[in-house]
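Below you'll find the structure, written out as structure tokens, and then a few comments.
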Amino acid sequence: QLPVVESGGGLVQPGGSLTLSCKVSGVTFRLYTMSWYRQAPGKERELVATVTAAESREETGSTNYADSVKGRFTISRDNTKNTVYLQMSNLKSEDTAVYYCNINIGDRAYWGQGTQVTVSS
């Protein structure tokens with residue numbers, strides 16, 4: 001089993017900030033690309049951000065973002081803690097969704113349980 005556990009979701013006002021965390025156990029974490037997805041009710045799951053594998057524990061990899069979150073979200077990884085983060089700022093109501101952490105290993109995809117982010121005044 002490969003535990004993937006997200007945390008940090010909650011209720012935030014529009015324009016506010018929130019940071020999500022995802023801890024992955026059972027792998028040499030730095031070797032794998034990590035991604036954050038989100039899914040709003042009635043909609044398909046969409047890719048939010050990706051951080052690539054790192055050459056060493058000290059490196060953090062390169063990043064990519066969905067157009068809808070560029071300039072507002074930052075993905076990062078701490079390879080000493082087997083954790084990937086999603087820093088979210090200037091949150092909008094459209095960001096409301098369940099956020100999922102993803103890691104692909106070989107031909108298998110591993111997902112966390114998801115953490116709810118609700119942006120509302």
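Heads up: numbering here begins at 1 and tracks the sequence. All figures in this text were calculated on a predicted structure; none of them were measured in a lab. Only this structure's heavy atoms are used, side chains among them; waters, hydrogens and symmetry mates stay out.
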Test item: [X] side-chain N/O and [Y] main-chain N/O as donor-acceptor pair under 3.5 Å:
X: E6; Y: G114; value: yes
X: Q116; Y: G10; value: no
X: T96; Y: V119; value: yes
X: T19; Y: Q87; value: no
X: T83; Y: K81; value: yes

For the atom pair [atom1] ([X]) and [atom2] ([Y]), what is the distance rounded to the nearest 0.5 Å?
X: Q113; Y: C101; atom1: CD; atom2: SG; result: 12.0 Å
X: K23; Y: N82; atom1: NZ; atom2: CG; result: 5.5 Å
X: C22; Y: R77; atom1: SG; atom2: CZ; result: 10.5 Å
X: Y32; Y: N79; atom1: OH; atom2: CG; result: 12.5 Å
X: L18; Y: T118; atom1: CG; atom2: OG1; result: 10.0 Å

Are [X] and [Y] side-chain neighbours, meaning at least one heavy-atom pair lies under 4.5 Å?
X: V51; Y: S62; result: no
X: M88; Y: L20; result: yes
X: T74; Y: Y65; result: yes
X: I75; Y: Y85; result: no
X: F29; Y: M34; result: yes

*Could you tell me which non-hydrogen atom of P14 sits nearest to which non-hydrogen atom of S121, and how far apart they are?*
CD-N, 3.6 Å
*Decide whether T50 and S35 meet the rule of one side-chain donor and one side-chain acceptor closer than 3.5 Å.*
yes
*Any chance the side chains of T52 and T33 put a donor and an acceptor closer than 3.5 Å?*
no
Same hydrophobic cluster for [X] and [Y], using side-chain heavy-atom links shorter than 4.5 Å among ILVMFWY?
X: V27; Y: V4; result: yes
X: F73; Y: V84; result: yes
X: L11; Y: L91; result: no
X: V98; Y: I103; result: no

_Test side-chain contact (heavy atoms from CB on, under 4.5 Å) on Y99 and W36; report intermediate values, then the result._
CA-CA 7 Å; Y99 284 71; W36 284 98; 4.3 Å; yes
*Would you please indicate if the ring centroids of W111 and Y37 are separated by under 6.0 Å?*
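Judged by ring-centre distance (under 6.0 Å), W111 and Y37 do meet the cut-off.
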*asked:* Does I105 form a side-chain contact (heavy atoms from CB on, under 4.5 Å) with R108? I'd like the steps, not just the answer.
replied: CA-CA 5 Å; I105 302 176; R108 297 186 62 183; 5.6 Å; no
*Worked check of side-chain contact (heavy atoms from CB on, under 4.5 Å) between V12 and S17*: CA-CA 7 Å; V12 63; S17 300; over 6 Å; no
*Mind checking salt bridge (Lys or Arg N to Asp or Glu O under 4.0 Å) for R38 and listing every partner two or more places apart, or none if nothing turns up?*
E46, D95
